[in-house]
Number of protein chains: 2
Amino acid sequence: MTSSATAARKVKSAGRSGQRASKNAARIRDVSLDLFAQKSFSAVTIKEIGQATGLNTAMIYYYFDDKEDLFRDTVETAVQRTMEAFEARRPADGDPEAVIANWLETHVEQLELIRKFVKISVDYASSATRVARIDDAIKRFYEGEHDILAAAMSEASKGRFSAAEIDRMIELFSTYLDGVMVRSVIDPDFDAKAAVHSLRNYALGLMHAEDLDEGSPRLR
Amino acid sequence: MTSSATAARKVKSAGRSGQRASKNAARIRDVSLDLFAQKSFSAVTIKEIGQATGLNTAMIYYYFDDKEDLFRDTVETAVQRTMEAFEARRPADGDPEAVIANWLETHVEQLELIRKFVKISVDYASSATRVARIDDAIKRFYEGEHDILAAAMSEASKGRFSAAEIDRMIELFSTYLDGVMVRSVIDPDFDAKAAVHSLRNYALGLMHAEDLDEGSPRLR
DNA sequence: GTCTATAGTCGGATAGAC
DNA sequence: GTCTATCCGACTATAGAC
């Protein structure tokens, strides 16, 4: 990963929107997401991506500047798809509890996708190179999660919880969800769906609690 | 990572015990743990390890068969050190709540070490190659955690919780702890210590709960 | 847009002198 | 035990024909 911040796109396919996406580019994107999630940046070879897509290796350089550019595109794609999946199943009415449940159900429905995203984020975070657009994409995911949940929890609890309390609860949920994702990477037998549902029940139960100091055991 | 299950040790340094450890081997081990935790198996180069240890690259092959052998040794070392750290602070008397608190405090005290272990496990789990001794080491960690907590929780709750209920609680704790570790990899500002302490309070509170069906929100 | 061929580089691993 | 020199393979990336 060489850091050339000024990597001008070689060809069309207009950034992250605009998507004149030549079907081939889409194939490369899909395959890259799978491979980068499975095997770490340096373990994935361009030849491998070529084989998996059925495209000549040179074609990859036709659509992307270099391996890093492709990696960046992959991360951005993963975040975008997750948020789209959430929006696609967002209920029409504004029921805040439904919004919370929806975010968690998105994790069940898009388990594969989010697992890939978390896995790639871990790899990237512990690599030496920083790429602004990748940092932004990762931030977009976690801040998106925060904003969705904060708005819903604030509305659902109608002032019973302070903003600070809500922030702490969200950090907790978010941490647990990350745990679910890694754990299902490490242990194939792990029941991620059940783990997310536990959290959903807990979260919805919390929304009905009078306040956070009832004395019964609670994460905080 | 080529899989040669029958990799006979080239030189002495007797497995994982016996430790006639030639100081150099120890240096290599330490540096490797850092690097493999930072950079994924294939991103770490032997030359890099040489530079970081101040040893000639050929020396690494004097002490270890090949890169994979060194990696395996690294994982085994991490697990062993974690368990040793836990045992070192284990209280003399058999108070079960102190045992639970001790396991969690070990995570605070040895945050770096366990974070490295989890990071390496994630990398390894999602690589193609399986190495029996690495699988065993990872299993040893999670089963060790399970056994420590199961015994303590069983004793602390004196039959109020069934074995199945205890297993579910442990899976939950364990998942959350994994979440804490990844999150502190992804986000350097994450307060891992506070997150572990939240869990400790929650866990000890649970041990004092009459049963698991009090109606108040609880993860299960 | 697609493919072949290849330049250029780097990393793992060993042989063998000291 | 330690170091130099080096072989071999693999990978990124490009030039250029079609």
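Residue numbering restarts at 1 for every chain, and letters A, B, ... go by the order of the sequence lines.
What separates CZ of Phe64(A) from P of dT14(D) is a distance of 15 Å, to the nearest Å. Phe41(A) has its CZ atom 14 Å from the P atom of dC11(D), to the nearest Å. In this structure, Asp65(A) places its CG atom 10 Å from P of dA13(D), rounding to the nearest Å. Distance CD (Glu48(A)) to P (dA10(D)): 13 Å, rounded to an integer number of Å. The nearest whole Å value for the distance from the CD atom in Glu68(B) to the P atom in dA13(C) is 9 Å. Distance Ile60(B) CD1 to dT14(C) C1': 14 Å, rounded to the nearest Å. The CG atom of Leu70(B) sits 16 Å away from the P atom of dG11(C) (whole-angstrom rounding). Computed from coordinates, the Asp66(B) CG to dT14(C) C1' distance equals 13 Å when rounded to whole Å.
Test Leu35(A), Asp34(A), Ile28(A) against Ser32(A) for side chain to side chain contact (heavy atoms under 4.5 Å, CB included) and you get one pass: Ile28(A). Of the candidates Arg81(A), Lys116(A), Lys23(A), Arg81(A) is the only one forming a salt bridge (charged side-chain N to carboxylate O under 4.0 Å, His left out) with Asp30(A). Applying the side chain to side chain contact (heavy atoms under 4.5 Å, CB included) test between Leu177(A) and each of Leu172(A), Ile114(A), Leu104(A) identifies Leu104(A) as the sole match.
Listed nucleotides dT2(C), dA13(D), dG12(C) differ in distance to Tyr63(A); the shortest reach to its side chain belongs to dT2(C). Looking at the side chain of Lys47(A), the nearest of the listed nucleotides dG1(D), dC11(D), dG12(C) is dC11(D). Minimum atom distance to the side chain of Tyr62(A) is reached by dT2(C), of the listed dT14(D), dT2(C), dT2(D).
A sub-4.0 Å separation between OP1 or OP2 of dT14(C) and a side-chain N or O of Tyr61(B) is absent.
Tyr142(B) has its side chain out of reach of His146(B): every pair of non-hydrogen atoms, C-beta onward, lies at least 4.5 Å apart. Side chains of Phe71(B) and Asp123(B) form no contact here, defined as non-hydrogen atoms less than 4.5 Å apart. Using a 4.5 Å heavy-atom cutoff, the side chains of Phe36(B) and Lys119(B) are not in contact.
A cation-pi arrangement, defined by a distance under 6.0 Å to the six-membered ring centre and an angle within 45 degrees of its axis, is present between Arg130(A) and Tyr124(A).
The stretch residues 51-59 of chain A touches DNA chain C through Asn56(A), Ala58(A), Met59(A), each having a heavy atom under 4.0 angstrom from the strand.
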Quick test: give all pairs of protein nitrogen or oxygen and nucleotides 7-9 of chain D nitrogen or oxygen below 3.5 Å, distance rounded to 0.1 Å.
none

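More than 12 heavy atoms of other residues, nucleotides or ligands sit less than 6.0 Å from atom CZ of Arg200(B).
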Please tabulate, for the side chains in residues 180-188 of chain B, all donor-acceptor contacts under 3.5 angstrom to protein atoms that are two or more places apart in sequence or on a different chain.
| from | atom 1 | to | atom 2 | distance (Å) |
| --- | --- | --- | --- | --- |
| Arg183(B) | NH1 | Ser174(A) | O | 3.4 |
| Arg183(B) | NH1 | Ser174(A) | OG | 2.8 |
| Arg183(B) | NH1 | Asp178(A) | OD2 | 2.9 |
| Arg183(B) | NH2 | Ser174(A) | OG | 2.9 |
| Ser184(B) | OG | Arg115(B) | NH1 | 3.0 |
| Ser184(B) | OG | Val180(B) | O | 3.3 |
| Ser184(B) | OG | Met181(B) | O | 3.0 |
| Asp187(B) | OD1 | Asp189(B) | N | 2.9 |

